[in-house]
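Reading through the structure tokens given below for one structure.
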Amino acid sequence: MQKTLQHIGIIMDGNGRWAKKRFMPRVFGHIKGANTLKKIVEHCNHIGLKHLTVFAFGRENWQRPEEEVSLLMKLMLKKLNKEIDELHNKNAKIQFIGDRSRLNPELLQAILLAEDITKHNNGLNFNICLDYSGQHDIVQAINTIIKEGKHKQITESILESYLYTEGMPNPELIIRTSGEARLSNFMVWQSAYSELYFTNTFWPDFKPNELDCAIAWYNNRERRFGQTSEQLKDKE
Ligand code: IPE
Ligand code: IPE
Ligand code: MG
């Protein structure tokens, strides 16, 4: 892995279609997807990645059938309780990103506990976006700034310091599975210069070796940030 790759974002999509293809209810896709996540987190730990942020449930996903939302929340709680010790032993630091006000109290408790237990770990920073919306994050940041009244004018770095992702580097690489080529409100601010990797693989079928492929693809990108190719070569 190249030194410049510190942060990977993943939009874990395609659980429902994975299940549908097998004539199974959508929830089976979510269960299988959770197993995939476990393997990917292990792999990120193994390769020494610093930050992994996964999109687990978006603000817009509350609009899904109540039964699916409730199953997803239950699955989240179950997996969190099951995996927390192992993640802690592997020195991972867990953080949930998003609006916490609508989460059920039991899940919120488990989240607070997981964050507290792992807060001093310095291995992989594992961030889970839950009730997350990139646009909403910007709005909540601006509202906090207005309420505090400390800043007459804001800059990019001031705004960034009020976002949920405060202190994290922006994701250099964002992966979306399932063939959709959109961000669906994931990291809309932080993705300004991200390399975007889209794959047709449904999330439950996504394997560590495909993550390696995405990283290899990333390593071949020329990241110009507005400059010309020649300017970059001169600096080498
Ligand atoms: C992603 O898979 C998981 C969540 C959004 C919670 P989907 O459930 O969106 O799967 P598809 O897109 O319907 O296949
Ligand atoms: C986006 O997935 C968010 C997650 C993967 C959690 P969706 O599958 O809900 O996104 P859209 O609605 O197809 O854009
Ligand atoms: Mg989807």
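Computed from a predicted structure; not experimentally measured. Side chains are part of it too, since the values below use all heavy atoms of this structure and drop only hydrogens, waters and symmetry mates. First listed ligand is number 1; within each ligand, the first listed atom is number 1. Along the sequence shown, residues carry numbers from 1.
- Of all protein heavy atoms, the one lying nearest to atom 14 (O) of ligand 2 is Ser184 OG, 2.6 Å.
- Metal site remark for the Mg ion (ligand 3): Asp13 contributes an N, O or S atom at a distance under 2.8 Å.
- In this structure a side-chain-to-backbone donor-acceptor pair under 3.5 Å is missing from Arg102 to Asp131.
- Heavy-atom minimum distance, Met12 versus Phe55: CE-O, 3.3 Å.
- Selection from Arg176, Glu60, Glu180 by nearest heavy atom to atom 2 (O) of ligand 2 gives Arg176.
- With hydrogens and angles disregarded, a donor-acceptor distance shorter than 3.5 Å links the side chain of Thr118 to the backbone of Ile94.
- Near Asp13, the atoms of ligand 2 lying under 4.0 angstrom from a non-hydrogen atom of the residue are 8 (O).
- In this structure a side-chain-to-backbone donor-acceptor pair under 3.5 Å is missing from Tyr193 to Arg223.
- Considering backbone and side-chain N/O atoms, Asn61 never comes within less than 3.5 Å of an N/O atom of ligand 1.
- For atom 6 (C) of ligand 1, the closest non-hydrogen atom on the protein side is Ala56 O, 3.3 Å.
- For the pair Ile174 and Leu183, the minimum side-chain heavy-atom distance is below 4.5 Å.
- Residue Glu83 forms a side-chain hydrogen bond (donor to acceptor under 3.5 Å, both in side chains) with just one option from Lys38, Lys90, Lys78, His88, and that option is Lys38.
- Between Gln6 and Leu49, the shortest heavy-atom contact is O-CD1, 3.7 Å.
- When hydrogens are left out, the protein atom nearest atom 1 (C) of ligand 1 is Met12 O, 3.0 Å; that is the closest non-hydrogen contact.
- Within a 4.0 Å radius of atom 10 (O) of ligand 2, the protein contributes at least one heavy atom.
- Applying the 4.0 Å criterion to heavy atoms of Phe57 picks out, from ligand 2, the atoms 6 (C).
- Scanning all heavy atoms of the two residues, the minimum distance from Trp217 to Leu196 falls at CH2-O, 3.2 Å.
- For ligand 1 and Arg17, the ligand atoms under 4.0 Å from any heavy atom of the residue are 11 (P), 12 (O), 14 (O).
- Residue, atom and distance of the protein heavy atom nearest to atom 13 (O) of ligand 2 are Arg182 NH2, 2.7 Å.
- With a 4.0 Å heavy-atom cut-off, ligand 1 is reached by the side chain of Arg64 but not by its N, CA, C or O.
- At least one N or O atom of Gly16, backbone or side chain, sits closer than 3.5 Å to an N or O atom of ligand 1.
- Applying the 4.0 Å criterion to heavy atoms of Ile11 picks out, from ligand 2, the atoms 5 (C).
- Within ligand 1, the atoms closer than 4.0 Å to a non-hydrogen atom of His30 are 3 (C), 8 (O), numbered from 1 in the order shown.
- Inspection of the Glu166 and Ser161 side chains reveals no N or O donor paired with an N or O acceptor under 3.5 Å.
- The proximity of Ser178 to ligand 1, defined as any non-hydrogen pair under 4.0 Å, does not occur for either the backbone or the side chain.
- Between Glu68 and His30, the side chains place a donor N or O and an acceptor N or O closer than 3.5 Å (distance only, hydrogens not considered).
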